[in-house]
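Values reported hereafter were calculated over all heavy atoms of this structure, with side chains retained and with hydrogens, waters and symmetry mates removed. The chains referred to below are lettered A, B, ... by the order of the sequence lines, with proteins before strands, and numbering in each begins at 1.
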Protein chains: 2
Amino acid sequence: MRRPKAFGFDVFGTVVDWRTSIARESAGFLARIGRGDLDAEHFADAWRARYQPAMAKVREGGRDFVILDTLHCEMLVDLLRHHGVDVDALDPALVTDWSHAWHRLAPWPDSVAGLARLRALAPVVTLSNGNVALMIELSRRAGLEWDAILGAEHARAFKPSREVYLSTAAACGVEPNDFCLVAAHHSDLAAARKAGLMTAYIDRPMEYGGASAPDRDQRQDWDYEADSLTALAAQLEVPK
Amino acid sequence: MRRPKAFGFDVFGTVVDWRTSIARESAGFLARIGRGDLDAEHFADAWRARYQPAMAKVREGGRDFVILDTLHCEMLVDLLRHHGVDVDALDPALVTDWSHAWHRLAPWPDSVAGLARLRALAPVVTLSNGNVALMIELSRRAGLEWDAILGAEHARAFKPSREVYLSTAAACGVEPNDFCLVAAHHSDLAAARKAGLMTAYIDRPMEYGGASAPDRDQRQDWDYEADSLTALAAQLEVPK
């Protein structure tokens, strides 16, 4: 297996632990609005469960592209209404701040060091559905250093649409078969492989709090497999 | 003057010394093709002189957006033909490599340190006409660390078109009047100001080898003025 000329990273779940961070922040916001009765981990899972349907309206439903910040806010409002919250009575600044909890996700313990080691080998860019402002704030807080923020907002489309993978590789000036998606999700890797990219799977068993992943039936043999970004770096650092 | 919430940087001339690098690389390439008779500094100036007309065809001439790498290559071919070089007889890989001399520009002595200090205050992004692949390679070689690569390729338009300034600020999630363009060019700063941005002028008297700048008649009083990125950082680091 030859070494990739650039790496594109899925971020939510692969580089950062969205569930722990969203549950912790939501516990605080739920208490502030007098709904400490709701379970914060279930709330985080229910928020994330609205992610694919929201993007599907853009991918397949003819909705014009909007950044993920917009969808995260709409998903939050929908979830709060589902629980009977009168969203119109809330401070809009509080709702925006809550929706920006996705800007404040904590990295997995190996992410900062692993990313730095991979970056010493080749350019590392985001290939995430997260928008630029989200990725900038998240990365500055977490200490994640990228060569560029690409993916959905650059492509004006959401994964797993083929053009997101191809436009990210093209922007880096790299042929698809020299460009490697790094992701914890079989569905994401399967779409990248169909577009001609190399694939690196990172096992993140705690992404869903220990529950099994929704895309486990899409498992394939990926070009690289590792249980952390540092372990992936160690595989690639071996002299050729 | 309040502190900007994010900084967008012009790169060619402001952060890197294009003329010295392009002249040095072109001297080598000219020798390789048997045209060591041509003056490399004049060659660099003539290459750069084709920059505005090439972009004008995109801005005003109805040409579809193309990345700057493409224009740099076309400008080089045009310049070589102007000097009577049979470009079709050259190795295409040599021409591409020569056109990518713009990926290998050296930073001004204060750029790496100044950028790092400004980045400690607020996000720093490129707001350049250079494309993503160019900026990635240039920045990795020079040790320039950005929060995102934005500007022309993200906007699919070239400066000084208004949408390049506004789309860069928007991608960062910052209002135009909180977003500061940092540039060595009055023409660039004037367009940014018209779009509502804050402005920081960096004096680079050696950009044109000591010759006066073509846009000196567009000088205004800018929000910040400094003779280096470290000096700009020092102004902004003053406690409020």
Considering all heavy atoms of both residues, which atom of B:Ala133 and which atom of A:Gly173 are nearest to each other, and what is their separation?
-> CB-N, 3.9 Å
Heavy-atom distance under 4.5 Å to chain A: side chain of B:Arg156, backbone, both or neither?
-> neither
Tell me, side chain or backbone of A:Glu145 under 4.5 Å from chain B's heavy atoms, or both, or neither?
-> side chain
Heavy-atom contact with chain B under 4.5 Å, split by part of A:Ala122 | backbone
More than 12 heavy atoms from other groups under 6.0 Å of CD on B:Glu175 = no
Side chain / backbone / both / neither for B:Ala155 at chain A, heavy atoms under 4.5 Å = neither
At a heavy-atom separation under 4.5 Å, does B:Ile67 approach chain A through its side chain, its backbone, both, or neither?
-> neither
Show your working on side-chain contact (heavy atoms from CB on, under 4.5 Å) between A:Ile136 and B:Val125 and close with a plain yes or no.
-> CA-CA 10 Å; A:Ile136 288 176; B:Val125 304; 4.2 Å; yes
Identify which of B:Ala6, B:Cys172, B:Pro123 forms the greatest number of heavy-atom pairs closer than 4.5 Å to chain A.
-> B:Pro123
Would you say the side chain of A:Asp147 lies within less than 4.5 Å of the side chain of B:Ser139, judging by non-hydrogen atoms?
-> no
Write down the atom of B:Ala148, the atom of A:Ile149, and the distance for their closest heavy-atom approach.
-> CB-CG1, 3.9 Å
CZ (A:Arg140) and CZ (B:Arg119) are apart, to the nearest 0.5 Å, by 6.5 Å
Would you mind checking which part of A:Leu134 comes under 4.5 Å of any heavy atom in chain B, side chain (CB onward), backbone (N, CA, C, O), both or neither?
-> neither
